[in-house]
Asks: 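Input: one structure, supplied below.
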Amino acid sequence: MVESAKDITDTGFENILLVGQTGSGKTTLIRSLPGKVFAYLFDPNAKRSLAGADVDYEEWLPDVAELDVTIKKFNRDARPSDKPESEREPKVYIDWCKDIAQKSEEGFFKKYDWVCFDSLTFLQRACFDRQMYINRRFGGVEELADYRVVGSKISDLMRSVTSEGINILCTGHITEWQDELTKKITTQLSLAGSAKTMIPLMFTQIWQCHSQSEDKKPKFVIQTMPEKRGLQCIRSSISGLEMFEDVTIKNFSNAQKSGIAKILNPN
């Protein structure tokens, strides 16, 4: 049956991806989400940004015994490292996958308006740790095949998450690199392999966060449209937004009246 788009009143759930450099206010904006919020925290600094907020969370960080800090040798005659290798296998990624699957089956997320993931960068790092460990190269240098596998797994994971039927917010980082031949500078998401192109396709809003603070006057904005230079996957499905929207949270005790909330619920 042919239907008219004029009759659409329910556009579904929001999938928001906030990206930017460190210190651009990404995690803090979780405070301003309207409704009840649950957050998976993979970033060791996330709790500082959310302290005092009405946000339920679980922190998923590697145990110190899981980290392999051994300096690897490249030359055959190199001296052996005197640093001990990891005594415990890295299980953050695999344990978290089991946890989110169980929570989904039990309907855990139904009581929340938003589920957040802070950040994709550290979640991806946990996936890399697991990938390197099962291939007996934990602590070594990642190869092209590792980037392909991890990129594919992170893409599959986020496709499942964004199909959960709940509002999703993820944070991530960006990187810049210069082509040695053309000298052109390109800005990209800090994601591996196919995840760079696949993950943006899953989000209704991709906003880049910027700090425009001066002296003692904090100011944070989100960029809702791409410029000629810079990150090109920025987009917004909310009409009427300026290229740069002020999302500064002026009152942390009433954060849901500012930040992202005023954009999602302008009235």
Side-chain angles (χ1 to χ4, degrees), residues 15-20 22 26 39-44 46 58-74 81 83 85-105 115-164 168-180 186-203 206 231-233:
N15 295 324
I16 299 177
L17 177 59
L18 298 179
V19 298
T22 300
K26 301 181 297 297
Y40 279 113
L41 305 182
F42 305 95
D43 188 327
E58 287 183 2
E59 196 173 28
W60 288 79
L61 303 177
D63 187 279
V64 65
E66 293 181 18
L67 301 179
D68 186 349
V69 296
T70 307
I71 298 176
K72 303 300 179 181
K73 63 181 182 180
F74 294 97
S81 173
K83 295 291 184 180
E85 295 187 358
S86 172
E87 297 178 355
R88 189 180 305 171
E89 66 175 288
K91 299 185 67 176
V92 171
Y93 177 76
I94 194 68
D95 286 347
W96 175 76
C97 285
K98 294 177 182 178
D99 179 85
I100 193 172
Q102 181 178 348
K103 281 183 168 59
S104 178
E105 291 177 3
V115 176
C116 303
F117 302 82
D118 186 62
S119 65
L120 289 183
T121 309
F122 280 94
L123 174 57
Q124 178 177 263
R125 184 65 258 171
C127 187
F128 264 117
D129 288 344
R130 189 65 185 174
Q131 165 70 9
M132 299 292 284
Y133 176 82
I134 63 177
N135 284 285
R136 300 185 183 277
R137 292 186 291 107
F138 185 43
V141 179
E142 296 87 356
E143 299 176 358
L144 180 59
D146 299 316
Y147 279 87
R148 288 174 175 170
V149 172
V150 171
S152 177
K153 288 303 177 184
I154 293 296
S155 296
D156 291 344
L157 174 64
M158 293 314 301
R159 185 171 60 173
S160 176
V161 165
T162 54
S163 300
E164 182 65 25
I168 299 293
L169 183 141
C170 297
T171 67
H173 294 80
I174 57 176
T175 58
E176 293 182 348
W177 63 276
Q178 185 176 43
D179 188 283
E180 294 182 0
T186 303
T187 304
Q188 294 182 332
L189 299 177
S190 293
L191 294 171
S194 62
K196 282 188 177 69
T197 54
M198 289 300 297
I199 285 184
L201 301 178
M202 307 171 196
F203 288 85
I206 302 175
L231 188 64
Q232 294 301 299
C233 66

Asks: State, with a plain yes or no, whether a side-chain heavy atom of V161 is found less than 4.5 Å away from one of N15.
Replies: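 Side chain of V161 against side chain of N15, heavy atoms only: no contact under 4.5 Å found.
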Asks: To the nearest 0.5 angstrom, please state how far the CE atom of M198 sits from the CG atom of D156.
Replies: 8.0 Å
Asks: Kindly compute the distance separating OG1 (T186) from CG (L231), expressed to the nearest 0.5 Å.
Replies: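 CG of L231 is found 11.0 Å from OG1 of T186.
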Asks: Side chains of E164 and V115, heavy atoms from C-beta outward: is any pair under 4.5 Å?
Replies: no
Asks: For I206 and C233, work out which heavy atoms get closest and say how close.
Replies: CD1-O, 3.4 Å
Asks: Start with the C-alpha distance between D99 and E58, add both sets of side-chain angles, then the distance that settles side chain to side chain contact (heavy atoms under 4.5 Å, CB included), and finish with yes or no.
Replies: CA-CA 11 Å; D99 179 85; E58 287 183 2; 3.6 Å; yes
Asks: Assess, by modelled atom type and distance only, whether the side chains of D118 and T171 contain a donor and an acceptor separated by less than 3.5 Å.
Replies: yes
Asks: Of the non-hydrogen atoms in G151 and A195, which two are nearest, and what is the gap between them?
Replies: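 Between these two residues, the closest heavy atoms are O-CB, 3.6 Å.
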Asks: Step through it carefully: locate the ring centre of Y93, locate the ring centre of F128, and say whether they are under 6.0 Å apart.
Replies: no
Asks: Show the nearest heavy-atom pair for residues Y40 and I100, with the distance to one decimal.
Replies: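 Heavy atoms of Y40 and I100 come nearest at OH-CA, 3.7 Å.
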Asks: Okay, side chain of Q188, backbone of K196: is any donor-acceptor separation there less than 3.5 Å?
Replies: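 Pair absent, no side-chain N/O of Q188 close to backbone of K196.
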Asks: Do the side chain of T197 and the main chain of S194 share a donor and acceptor less than 3.5 angstrom apart?
Replies: yes
Asks: Grab the two heavy atoms, one from P44 and one from E59, that are nearest each other, plus how far apart they are.
Replies: O-OE2, 4.4 Å
Asks: I want to know whether W96 and F42 have ring centres closer than 6.0 Å.
Replies: yes
Asks: Check whether any side-chain heavy atom of T175 sits under 4.5 Å from a side-chain heavy atom of T187, and report yes or no.
Replies: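 Heavy-atom side-chain distance check fails, nothing below 4.5 Å.
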Asks: Would a distance-only check, ignoring hydrogens and angles, find a side-chain to backbone donor-acceptor pair under 3.5 Å from N135 to Q131?
Replies: yes
Asks: Could you state the interatomic distance from CG (L61) to CG (L41), rounded to the nearest 0.5 Å?
Replies: 8.0 Å
Asks: Can you give me the closest heavy-atom contact between T162 and F203, atom names plus distance?
Replies: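 So the two residues come closest at CG2-CZ, 4.3 Å.
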Asks: Ignoring hydrogens and angles, tell me if any N or O in the side chain of R159 forms a donor-acceptor pair with the backbone of M202 under 3.5 Å.
Replies: no
Asks: In sequence, state the C-alpha distance, the side-chain angles, and the governing distance for E89 and I134, and then conclude on side chain to side chain contact (heavy atoms under 4.5 Å, CB included).
Replies: CA-CA 9 Å; E89 66 175 288; I134 63 177; over 6 Å; no
Asks: Quick check for you: to the nearest 0.5 Å, what is the distance between D43 atom CG and K26 atom NZ?
Replies: 8.0 Å
Asks: Decide yes or no on side chain to side chain contact (heavy atoms under 4.5 Å, CB included) for C170 and I168, but give the supporting numbers first.
Replies: CA-CA 7 Å; C170 297; I168 299 293; 3.9 Å; yes
Asks: To the closest 0.5 Å, what do you measure between CZ (R148) and CG (D146)?
Replies: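 Here the interatomic distance stands at 11.0 Å.
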Asks: Between R125 and E142, is there a side-chain N and carboxylate O pair less than 4.0 Å apart?
Replies: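 Yes, R125 and E142 are salt-bridged.
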Asks: Within the structure provided, determine whether L169 and L18 are in side-chain contact (heavy-atom separation under 4.5 Å).
Replies: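 Result yes, sub-4.5 Å side-chain heavy-atom pair found.
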Asks: I want to check something: taking the side chain as every heavy atom from C-beta on, are K91 and R130 in contact at a cut-off of under 4.5 Å?
Replies: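 When only atoms from C-beta onward are counted, R130 and K91 do touch, with a gap below 4.5 Å.
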Asks: Under 4.5 Å between any side-chain heavy atoms of W60 and F122, yes or no?
Replies: no
Asks: Can you tell if the side chain of E143 reaches within under 4.5 Å of the side chain of R137, non-hydrogen atoms only?
Replies: yes
Asks: Between CG of L191 and NE2 of H173, what distance do you get to the nearest 0.5 Å?
Replies: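 Interatomic distance, L191 CG to H173 NE2, rounded to 0.5 Å: 11.0 Å.
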Asks: Heavy atoms, side chains only, cut-off 4.5 Å: are V92 and P90 in contact?
Replies: no
Asks: List the atom of C127, the atom of V150, and the distance in Å for their closest heavy-atom pair.
Replies: SG-CG1, 3.9 Å
